[in-house]
There are 2 protein chains.
Amino acid sequence: MRISELVERTGVPLATLKFYLREGLLPAGEATSATRAEYGEAHVRRILVIRALTETVGLSVQKAREVLALIDRPEDDLFTTLGRAIAALPPDVTPVATQEYPRARAVLEKLGQVYDPGFAAVAQLEQALAAAESAGIPLDDARLAVYGPHIRAIAEFDVASIPREAAAAIEYAVLGTAVHEPVLIALRRLAHQDVAARRLRQAGAGPRASKRPPARGGSSGRSRPKRT
Amino acid sequence: MRISELVERTGVPLATLKFYLREGLLPAGEATSATRAEYGEAHVRRILVIRALTETVGLSVQKAREVLALIDRPEDDLFTTLGRAIAALPPDVTPVATQEYPRARAVLEKLGQVYDPGFAAVAQLEQALAAAESAGIPLDDARLAVYGPHIRAIAEFDVASIPREAAAAIEYAVLGTAVHEPVLIALRRLAHQDVAARRLRQAGAGPRASKRPPARGGSSGRSRPKRT
DNA sequence: AGGGTTGGATACTCATGGTATCCAATACTA
DNA sequence: TAGTATTGGATACCATGAGTATCCAACCCT
């Protein structure tokens with residue numbers, strides 16, 4: 001198919017597709033002449049993945065390219081590739097070799113997991129723990145004792161569901177790690193609302209909050225933020 | 001203290017603090033004269049929170065201002081305020097009223113939770129589910145059956161740990177929701193690596209990654225925290 | 001009195017993530 | 001076969017966001 005069909009199929013503007021082509025996110029079609037190239041279903045899928053990574057996972061074009069490159073050329077084993085992909089995921093952490101990550105180390109030791117400062121995710125965890133502290137809500141032992149096992153159970157399922165075959169496995173693992181994160185986050189937010197709503201209702205008309213809790217529908221995003 | 005001391009205490013450049021002042025993220029100090037203002041510990045804390053929200057949670061300055069405004073002026077009840085705060089969190093969803101979110105609806109029904117299209121998190125979940133589909137890894141029932149209960153358990157703990165007093169509760173809930181997300185994400189990524197590493201070792205594969213440290217038994221350090 | 005800080009205003013910079021134009025070489029249609 | 005429409009490729013352009021940098025005049029302290 002021609003590029004105009006990609007535009008139709010994906011809804012992404014032509015200029016943007018050309019931009020992706022230029023930036024190396026989208027492989028060029030097979031040139032059939034100087035002014036014609038043939039694209040396939042793989043291109044359609046690729047475009048959707050690009051949008052998923054940039055719009056929902058929140059990757060920059062630069063980071064998305066890194067992730068896609070890992071999927072395209074999985075020269076290393078799954079474990080190494082996954083580590084590299086994680087390094088491309090937010091939060092962007094400045095990798096300072098020979099650095100210690102004390103908060104992350106303490107957490108990992110409590111969880112009985114290996115602490116390797118070479119893992120990008122360790123630096124990411126350190127930053128996240130520091131941010132929680134800064135916000136006045138550090139990750140205390142009680143919370144870790146809850147988060148740890150549940151998150152681990154989720155991760156066990158994730159890994160167990162990775163297909164056997166190597167190439168497919170890497171793509172599945174990399175994309176699955178990235179793309180299910182927003183799902184988990186959204187589920188937690190909704191669970192917060194659900195649990196909070198139930199408790200409020202149960203407690204009978206707003207004892208803790210300053211005002212009456214309107215049992216539901218309270219958060220309709222109707223307060224349009226004013227633009228600056 | 002003067003503004004230069006805020007610079008020292010937080011490490012944030014003066015020009016940036018002035019920017020935060022301008023943008024209304026940081027409240028002005030108490031002016032003691034035309035060219036002097038007094039800042040306090042609250043300002044130091046606020047700056048740290050701003051950095052946590054922007055750098056680690058990934059909020060734009062605009063969104064961070066919205067979240068901070070909710071904490072500063074919690075005019076509504078906890079439930080409503082939390083809903084509004086969630087609307088400011090990524091991924092940015094364009095709220096189209098009167099829209100249906102079929103994927104999110106299906107998921108929430110399977111979880112037995114209320115489906116309210118007015119919740120920003122519902123639109124966020126819809127987008128996340130669509131992105132997962134686009135990437136070729138949809139959230140199937142088996143996965144949901146795992147994610148759902150574990151995430152809910154986490155959320156139950158979160159809500160249970162919210163303090164009683166109203167004003168404190170809102171700040172705690174809003175910041176806690178936002179700031180623990182990166183922690184959960186990082187823990188999942190590390191759990192992936194840990195689980196994958198264990199399986200690889202178990203499968204008799206040789207040591208692939210050059211810098212992987214030796215394995216440690218999961219039981220030795222488990223829940224036997226003794227940090228410095 | 002004079003140097004070093006301020007607050008406040010304004011202007012500037014840089015990186016992103018696209019958009020928009022041009023162009024010449026085709027390909028399709030009549 | 002002429003004329004029009006589409007491409008690919010290159011280049012130029014633009015809007016936002018998040019700071020930075022400069023000025024300046026009013027202080028404060030010594």
Side-chain angles (χ1 to χ4, degrees), chain A residues 1-40 43 47 49-68 88 90-92 94 225-228, chain B residues 1-40 43 46-47 49-68 88-92 94:
Chain A
M1 70 186 84
R2 282 159 298 152
I3 200 169
S4 56
E5 199 171 339
L6 289 183
V7 172
E8 286 170 18
R9 295 274 302 273
T10 64
V12 177
L14 175 63
T16 303
L17 291 183
K18 284 186 167 189
F19 171 69
Y20 291 157
L21 250 4
R22 231 184 303 143
E23 292 294 314
L25 297 195
L26 186 63
E30 189 169 350
T32 61
S33 84
T35 64
R36 213 121 285 213
E38 185 67 15
Y39 300 89
H43 289 90
I47 291 164
V49 171
I50 292 169
R51 296 304 270 214
L53 291 179
T54 55
E55 292 187 350
T56 305
V57 180
L59 298 190
S60 66
V61 164
Q62 158 77 17
K63 297 295 187 181
R65 178 173 39 224
E66 291 173 25
V67 170
L68 292 169
D92 283 356
T94 44
K226 56 160 174 117
R227 286 259 172 260
T228 44
Chain B
M1 70 185 84
R2 282 160 299 155
I3 200 169
S4 56
E5 196 172 341
L6 289 182
V7 172
E8 286 170 19
R9 294 273 302 272
T10 63
V12 178
L14 174 64
T16 303
L17 291 184
K18 285 186 167 188
F19 171 69
Y20 291 156
L21 250 6
R22 259 203 318 278
E23 292 296 313
L25 297 195
L26 187 63
E30 190 170 348
T32 62
S33 84
T35 64
R36 211 124 285 214
E38 186 66 16
Y39 300 89
H43 289 90
R46 173 61 78 107
I47 292 165
V49 172
I50 292 170
R51 297 304 269 211
L53 290 180
T54 55
E55 293 186 349
T56 303
V57 180
L59 298 190
S60 66
V61 163
Q62 159 77 16
K63 297 294 186 182
R65 175 174 41 222
E66 291 173 26
V67 170
L68 292 169
L89 264 28
D92 285 355
T94 44

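Excluded from the calculations below are hydrogen atoms, water molecules and symmetry mates; all remaining heavy atoms, backbone and side chain alike, are included. Each chain gets a letter, A, B and so on, in the order its sequence line appears, and its residues count up from 1.
Between A/Val57 and A/Val67 the shortest side-chain heavy-atom distance does not fall below 4.5 Å. B/Leu53 has its side chain out of reach of B/Leu25: every pair of non-hydrogen atoms, C-beta onward, lies at least 4.5 Å apart. Taking the side chain as every heavy atom from C-beta outward, A/Ile3 and A/Leu21 approach each other to under 4.5 Å. Counting only heavy atoms from C-beta outward, the side chains of A/Arg51 and A/Tyr20 approach each other to under 4.5 Å.
In this structure, the CG atom of B/Leu21 is 17 Å from the P atom of D/dA18, given to the nearest Å. Atom CD in B/Glu38 sits roughly 17 Å away from atom P in D/dC27 (whole-Å rounding). Atoms CG (A/Leu26) and P (D/dG8) sit 11 Å apart, rounded to a whole Å. Straight-line distance from the CD1 atom of A/Ile3 to the P atom of D/dT7: 8 Å, rounded to whole Å. Atom CD of B/Glu23 and atom C1' of D/dT16 are 12 Å apart (whole Å). For the pair B/Glu5 CD and D/dC28 P, the interatomic distance rounds to 18 Å; values are reported in whole Å.
For D/dG8, one of the phosphate oxygens OP1 or OP2 lies less than 4.0 angstrom from a side-chain nitrogen or oxygen of A/Tyr39.
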The contact string for nucleotides 13-29 of chain C, one letter per nucleotide 5' to 3', using protein heavy atoms under 4.0 Å with B, S and - for base, sugar-phosphate only and none, comes out as ----SBB-----BSS--

Sequence neighbours excluded and cut-off under 3.5 Å, please list the side-chain donor-acceptor pairs for residues 6-18 of chain A, or say none.
from    : atom 1 : to      : atom 2 : distance (Å)
A/Arg9  : NH1    : A/Glu41 : OE2    : 3.1
A/Arg9  : NH2    : A/Glu41 : OE1    : 2.8
A/Arg9  : NH2    : A/Glu41 : OE2    : 3.3
A/Thr10 : OG1    : A/Leu6  : O      : 2.7
A/Thr10 : OG1    : A/Val12 : N      : 3.2

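Side chains of B/Tyr39 and B/Arg46: no donor on one and acceptor on the other come within 3.5 Å.
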